[in-house]
Amino acid sequence: MLQVPFIRENKDAVVARLAIRNLDAKPLIEEVLVLDEKRRSIQAELDGVLAESNKISKDIGALYKSGKADEANALKTKTGELKEQSKTLGDLLNETADALTQLLYKIPNVPNEKVPAGNSDADNVETFREGDFPILHENAKPHWELVKDYNIIDFELGNKITGAGFPVYIGKGARLQRALIAYFLDKNTKAGYTEYQLPHLINEASGIGTGQLPDKEGQMYHVTEDNLYLIPTAEVPGTNLFRDTLLNESDLPITITGYTPCFRREAGSYGAHVRGLNRLHQFDKVEIIRVEHPENSYKALDGMVAHIQGILKELELPYRILTLCGGDVTFASALTYDFEVFSTAQEKWLEVSSVSNFETFQANRLKLRFKNSDGKNELAHTLNGSSLALPRILASILENYQTPEGIKVPKVLVPYCGFEMIN
RNA sequence: GGAGAAAUGGCAGAGUGGUCGAAUGCGGCAGUCUUGAAAACUGUUGAGGGUCACACCUCCGGGGGUUCGAAUCCCUCUUUCUCCGCCA
């Protein structure tokens, strides 16, 4: 969430920047300022009452000590009234502060200057493209047919056990998936990221910390019995490692990577674009997460982009990078780049990574701070990105690497797989 | 699941009703010394709100209560530790 002092000092700029998201934030921002003003004036009034009551209590203590019990008892009657007042004011203060917080939860992050205007994913701007589209043989098939031919992924079995969107990986399909995970983790750790194994269930506080809660509750699987949620991405447990944390400046940057399954309800998604591996309720992903000094965060974002480019180049998949427009950039992000690979048999670009700088938006909720060189506590910047999401990478490998004799395994993966061909 | 103990500043750890936002140690920062560093010594150092700056207010795991007054007493929740049971 945005910081109130920041809103107070940059009111017009905040409204103007949020307009890039096609959001008329003016009424929201006005309300924030009114509530903030109200909160502060109630606070001041309450402080005065408490100060007086504290003073009387001290006097009473002193009177008892010097044996003047009568005078002390006389003073006691006075505090009753003050107590009433402070209770009323305290309730009012809480109410106002809660209302302010709820309002702040509704305001998305201020987009970076690089975010282009636009309404939907159609308006995202392609900023880079690399790699040639492979020329496929005549009988080339989409991956959902290939996986049947070679019996490496079974969607029907998943339907039986769980439901749509929970595929079962078999034999070389399972092995290829595991190879990709190992390869991604190796690339990330070689680039300096520390590998973590993270919980796959998170509590409510964690959901609030990274912004899934309270608004996007319906997108996560909720275990009501224990009030826990299945993670939609490793970003949630990974970033929440640093909730309520005060770091030293020298601790920065913090760079972690982790493989986790991801669970998404995807309520409202249906149709051809969810075919096969394109959109699942459970999928695997390797994530990279960084906690950065505000001065370095955009350089770090560029570094993450370059890192992911390196992986896609090694896999020899044609890819492009999009700068997400105001209408598509996620709630908490200030700037997001999406990576898409071209899946040849479907003739479709598939999103395989999303790399974002959240600036202080998450850190403010998380209370993730560091002590800066002036000795002041300052909010850190958080960033994350997929490196990479498995199913769509798998889909594009299967489609792009198919030959009449079978599916070739990309060169870098052969040592991880132990075979060169799926046939 | 049952029984007991505990939760205090960046960390460790004192503190059982007023003089406690809190001893002490470590760590951090500044200085002395040194060519430089280390060591030693000296000083300084919790967080949030509020103010031009002070004042002032809040915070000792979370929530509630007793009291004129709570880190300290009571209730409750959460977490951790020990013992017992169960278990991959």
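Keep in mind the model is a prediction, meaning the values are calculated, not measured. To find a chain, count down the sequence lines: A is the first, B the second, and so on, and within it residues start at 1.
Both tests do not hold together for A/Lys172 against A/Tyr150: distance to the six-membered ring centre under 6.0 Å, angle to the ring axis within 45°.
At whole-Å resolution of the value, CG in A/Leu75 and P in B/C68 are 13 Å apart. Rounded to whole angstrom, the span from the CD atom of A/Glu249 across to the P atom of B/C29 amounts to 11 Å.
Searching all strands for a Watson-Crick or G-U wobble partner of B/C52 with both distances below 3.5 Å returns nothing. With a cut-off of 3.5 Å on both pairing distances, the Watson-Crick or G-U wobble partner of B/G1 is B/C84. Across all strands shown, B/U72 remains unpaired; no Watson-Crick or G-U wobble contact has both distances below 3.5 Å. Taking a pair to require two hydrogen-bonding distances under 3.5 Å in either a Watson-Crick or a G-U wobble arrangement, B/U79 pairs with B/A6. The partner of B/U67, taking Watson-Crick or G-U wobble pairs whose two distances both stay under 3.5 Å, does not exist in any strand shown. Pair assignment for B/A14 gives none, since no Watson-Crick or G-U wobble pairing has each distance under 3.5 Å. Nucleotide B/A22 forms a pair with no other nucleotide shown, judged by Watson-Crick or G-U wobble geometry with both contacts under 3.5 Å. With a cut-off of 3.5 Å on both pairing distances, the Watson-Crick or G-U wobble partner of B/G43 is B/C29.
Look at the C1' atom in both B/U79 and B/G62: the space between them is 10 Å, to the nearest Å. Across the P atoms, B/A7 and B/A71 are found 15 Å apart, a figure rounded to whole Å. The C1' atoms of B/C74 and B/G9 are separated by 27 Å, rounded to the nearest whole Å. A gap of 10 Å separates the P atoms of B/U8 and B/A14, to the nearest Å. Distance check on atom C1': B/G15 versus B/U24 gives 11 Å, rounded to whole Å. On the C1' atoms, B/G48 is 27 Å away from B/G43, given to the nearest whole Å. For the P atom pair drawn from B/U72 and B/G64, the interatomic distance equals 14 Å after rounding to whole Å. Using atom P as the reference point in both B/C56 and B/C20, the two lie 16 Å apart (nearest Å).
A side-chain donor from one of A/His293 and A/Glu249 sits under 3.5 Å from a side-chain acceptor of the other. Residues A/Glu235 and A/Gln362 have side chains that bring a donor and an acceptor to within less than 3.5 angstrom of each other. Counted by atom type alone, A/Gln346 and A/Glu399 present one or more donor-acceptor pairs between their side chains at under 3.5 Å.
Among the atoms of the strands shown, only primed sugar atoms or phosphate atoms (P, OP1, OP2) are found under 4.0 Å from some heavy atom of A/Asn377.
Between A/Lys367 and B/G48 there is no side-chain N or O to OP1 or OP2 distance below 4.0 Å. Close to B/A47, at under 4.0 Å from its OP1 or OP2, lies a side-chain N or O of A/Lys371. Listed pair A/Arg369 / B/A47 fails the phosphate criterion, with no side-chain N or O lying under 4.0 Å from OP1 or OP2.
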Contact list (N/O, under 3.5 angstrom) for nucleotides 53-57 of chain B vs protein:
unit_1	atom_1	unit_2	atom_2	d
B/C57	OP1	A/Asn54	ND2	3.1
B/C57	O2'	A/Asp47	OD1	2.9

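Under the 30°/60° scheme for interplanar angles, the aromatic rings of A/His307 and A/Tyr193 are found to be tilted.
In this structure the side chain of A/Leu198 reaches within 4.5 angstrom of the side chain of A/Leu241, judged on heavy atoms. Residues A/Arg392 and A/Arg279 are in side-chain contact: their nearest non-hydrogen atoms beyond the backbone lie under 4.5 Å apart.
A distance-only check finds no donor-acceptor pair linking the side chain of A/Arg290 to the backbone of A/Leu383 [under 3.5 Å].
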